[in-house]
Amino acid sequence: ISHNKKGKEMPIFGYNVAGSISTSPENLIHGTVATCPENGYALYISAYLAFTDGARFKCALYRASDNSLVAEIEELVGDGTIRWVNFNFPTPTPVYADETYIICVWADTTGQIFFDEPGEGRSQRATYNAWPDPLNPVVVGRNYSLYVYYETALTIDVTPKSAKLTVGE
């Protein structure tokens, strides 16, 4: 669990530090290994990127025990900034307490994902296209700046003419 600028707890797992070293995710899938602390629903992956203008980036979540794909996340086009970029899950995705995941980023062309060493990351060379399932990564000594934001409760309020999804407890 981390805290936002207002001091409110943010339920996350992964590496939420803007790393001091960078590498290109061009045709390389890079991932951080992290364990979810409690049951919940993943809403987005945040990546600290040199979000190169015009480059396409996307994220995914894999289960570390068998390297199986849990969920693919939206593709975004870079805008020339260096910042935390949020990639939204298409629907809230269940994540489970004590389950270890690989939080991944991938790009079609130049750009940078930041990281720190040492760490327990994963990497796989692959031409940018559909996410492989399963992932077949090698272990690298890096913590990539990637984390999952999740909520522990989702409620749905349905009225006769509208529906509203509320995230939170």
Legend entry - Pairwise side-chain contact, S24 with Q112, heavy-atom cut-off 4.5 Å (strictly under): yes
Legend entry - Any P134 side-chain heavy atom under 4.5 Å of D66 side chain: no
Is the backbone N or O of [Y] less than 3.5 Å from a side-chain atom of [X], with the two atoms forming a donor-acceptor pair by type?
X	Y	value
K58	N129	yes
E74	N88	yes
W106	A126	yes
D116	N143	no

Decide whether [X] and [Y] are clustered together by the hydrophobic rule: side chain heavy atoms of Ile, Leu, Val, Met, Phe, Trp, Tyr closer than 4.5 Å, transitively.
X	Y	result
V148	L49	yes
Y144	Y15	no
Y147	I82	yes
Y128	L28	no
F114	Y149	yes

Inset, instruction - Test side chain to side chain contact (heavy atoms under 4.5 Å, CB included) on T23 and I113 and set out the steps. - result: CA-CA 6 Å; T23 189; I113 176 70; 3.9 Å; yes
Which heavy atom of [X] sits nearest to which heavy atom of [Y], and what is that distance?
X	Y	value
G19	S145	N-OG, 2.9 Å
I103	G14	CD1-CA, 3.8 Å
G31	L146	CA-CD1, 4.2 Å
T110	A55	O-CB, 3.4 Å
N39	A97	OD1-N, 2.8 Å

Legend entry - Verdict with reasoning, V140 to R122, per side chain to side chain contact (heavy atoms under 4.5 Å, CB included): CA-CA 5 Å; V140 293; R122 300 290 186 271; 5.7 Å; no
State the [atom1]-[atom2] distance between [X] and [Y], to the nearest 0.5 angstrom.
X	Y	atom1	atom2	result
I45	I73	CD1	CD1	3.0 Å
L61	S68	CG	OG	9.5 Å
H30	F115	NE2	CZ	8.0 Å
N136	N67	CG	CG	7.0 Å
Q124	W131	CD	CH2	9.5 Å
R142	I21	CZ	CD1	7.5 Å

Legend entry - side-chain hydrogen bond (donor to acceptor under 3.5 Å, both in side chains): pairs with one or both residues in residues 90-105, sequence neighbours excluded: T35-T100
Inset, instruction - Write out all pairs satisfying side-chain hydrogen bond (donor to acceptor under 3.5 Å, both in side chains) with one or both partners inside residues 46-57, taking only residues at least two apart or from two chains. - result: S46-N86, R56-D108
Inset, instruction - Kindly state each residue pair satisfying ring pair (Phe, Tyr, Trp, His ring centres under 6.0 Å) with at least one member in residues 54-78, sequence neighbours excluded. - result: F51-F57
Legend entry - Between Y150 and Y41, ring centroids under 6.0 Å: no
Inset, instruction - Please step through ring pair (Phe, Tyr, Trp, His ring centres under 6.0 Å) for the pair Y44 and F87, ending with a clear verdict. - result: CA-CA 5 Å; Y44 64 82; F87 295 82; 9.8 Å; no
Legend entry - CA sep, side-chain torsions, deciding dist, call: R63, S65, side chain to side chain donor-acceptor pair (under 3.5 Å): CA-CA 6 Å; R63 186 174 296 104; S65 61; 4.9 Å; no
Inset, instruction - Apply side chain to side chain contact (heavy atoms under 4.5 Å, CB included) to C104 and L135, showing your working. - result: CA-CA 10 Å; C104 295; L135 193 64; 4.1 Å; yes
